[in-house]
Amino acid sequence: AKCYAGFDLGLVDPNAFTVMSYEHPSLFDGEEAWIVHDEWSQSGLDDEKIAENIFPLIRQYKIDTIFYDNHAGQTVLDVRKTLEQKPYFMDNIRWIPMSETIEPGVNALRNITRRKALYVDPKCEYLLDNLATYSVLNGKPEAKLHTDSVDSCRYCVRGIQVYGETELTSGDMMVHKELSHAQKLFRTRPQTDDLYDADYGEGGLDG
C-alpha cells in the first residue's frame, strides 16, 4: 500500500513519527481501513539525530508525503535539510503542514475508532499505549498525558482525508485481504472498549 507519515515534534513530549496507509472500501472487502505499519518515538534529540532515525522508515516504506505539526516549522526545516543530503531523493518528499484547528483531526480519529476501522501493528507499542490513555476534554486532547504519537497519527489521518482521495486511487495502492502482521485496533486490554463508549467519561477517545 502507499504509505504516508505523520510527524509530531515536541519540546516536552517525545518526537513521534507514524507510518500509515489508507485502504479505500472498494479495495478492502467493502470497508475502509486505516493501517498503522510502523512508528518511531524518542525525546531529547537534535535535528540531525531526528533525521537519522526517521530516514530508515522513509526509505523502507517509500514515503513521499509527510504531514507535520505546523507549529514546528523551523525544526522540520532543519530536519529536511539533513534528509535532503541523503542518497534517496529526499528533496522530492512533500512536506505538508497541518495548520487547521485540533478538533477536526480529533473527531476524525474518534470516528475511525468507533467504526473499528483502525488497524495497528502490534510492534507499535508506544502508539498503543498512547491510544489506551488518550482522553479528550472539550474537543481537544488533555494536556496531562503524552499525546505525541496519537497526534502524529491524527496529522496523517487528516492529511490523507484533506489532500488524498485523488492521489490515493492513483494505482499504487495494493489490496490487503489479510493483515497477518497486524491486529484489529489495539491489544486486548480493559481500556479498549472505552474508546467506543460515547458515555464513558474518563479516558479513551471519548473521555
Other residues, nucleotides, ligands: >12 heavy atoms within 6.0 Å of E48 CD: no

Flag if over 12 foreign heavy atoms under 6.0 Å of NZ, K86: yes

Full working for salt bridge (Lys or Arg N to Asp or Glu O under 4.0 Å) between D64 and R94: CA-CA 6 Å; D64 63 8; R94 294 192 308 163; 5.4 Å; no

Check ion pair K49-D46 (N to O, under 4.0 angstrom): no

Given W40, F7, Y4, the one that forms ring-ring contact (aromatic ring centres under 6.0 Å, His included) with F17: F7

Donor-acceptor under 3.5 Å (E39 side chain, A16 main chain): no

Backbone of Y126 reached by a side-chain donor or acceptor of S149 within 3.5 Å: no

Indicate whether any N or O donor in one side chain lies under 3.5 Å from an N or O acceptor in the other, for [X] and [Y].
{"X": "E32", "Y": "Y22", "result": "yes"}
{"X": "Q74", "Y": "D78", "result": "yes"}
{"X": "D8", "Y": "Y155", "result": "yes"}

Residue pair I93, W95: steps toward the side chain to side chain contact (heavy atoms under 4.5 Å, CB included) verdict: CA-CA 6 Å; I93 293 176; W95 296 80; 3.5 Å; yes

Side chain to side chain contact (heavy atoms under 4.5 Å, CB included) between I54 and L83, worked out: CA-CA 9 Å; I54 67 175; L83 286 173; 3.9 Å; yes

Nearest heavy-atom neighbours spanning [X] and [Y]:
{"X": "P122", "Y": "L128", "answer": "O-CD1, 3.8 Å"}
{"X": "P97", "Y": "Y163", "answer": "O-OH, 4.4 Å"}
{"X": "T75", "Y": "D47", "answer": "CG2-OD1, 3.4 Å"}
{"X": "A5", "Y": "C156", "answer": "C-SG, 3.7 Å"}

Same apolar cluster: L45 and L9, side chain cutoff 4.5 Å: yes

P56: side chain to side chain contact (heavy atoms under 4.5 Å, CB included) partners, not counting sequence neighbours: none

The single option from L118, I35, V120 passing side chain to side chain contact (heavy atoms under 4.5 Å, CB included) against M20: L118

Sole residue of S21, S152, C153 in side chain to side chain contact (heavy atoms under 4.5 Å, CB included) with V36: C153

Criterion side chain to side chain contact (heavy atoms under 4.5 Å, CB included) on L109 and V150, from CA distance to verdict: CA-CA 9 Å; L109 198 55; V150 180; 3.4 Å; yes

Considering only heavy atoms from C-beta outward, does the side chain of [X] approach that of [Y] to under 4.5 Å?
{"X": "T65", "Y": "I96", "answer": "yes"}
{"X": "V19", "Y": "C3", "answer": "yes"}
{"X": "I112", "Y": "V157", "answer": "yes"}

CD-NZ distance between Q85 and K81, expressed to the nearest 0.5 angstrom: 10.0 Å

Distance, nearest 0.5 Å, that separates CG of D69 from CG of N15: 11.0 Å

R154/V106 under side chain to side chain contact (heavy atoms under 4.5 Å, CB included): CA gap, chis, key distance, verdict: CA-CA 7 Å; R154 170 168 60 85; V106 169; 4.0 Å; yes

Aromatic plane relationship, H37 with Y61 - under 30° parallel, 30 to 60° tilted, over 60° perpendicular: tilted

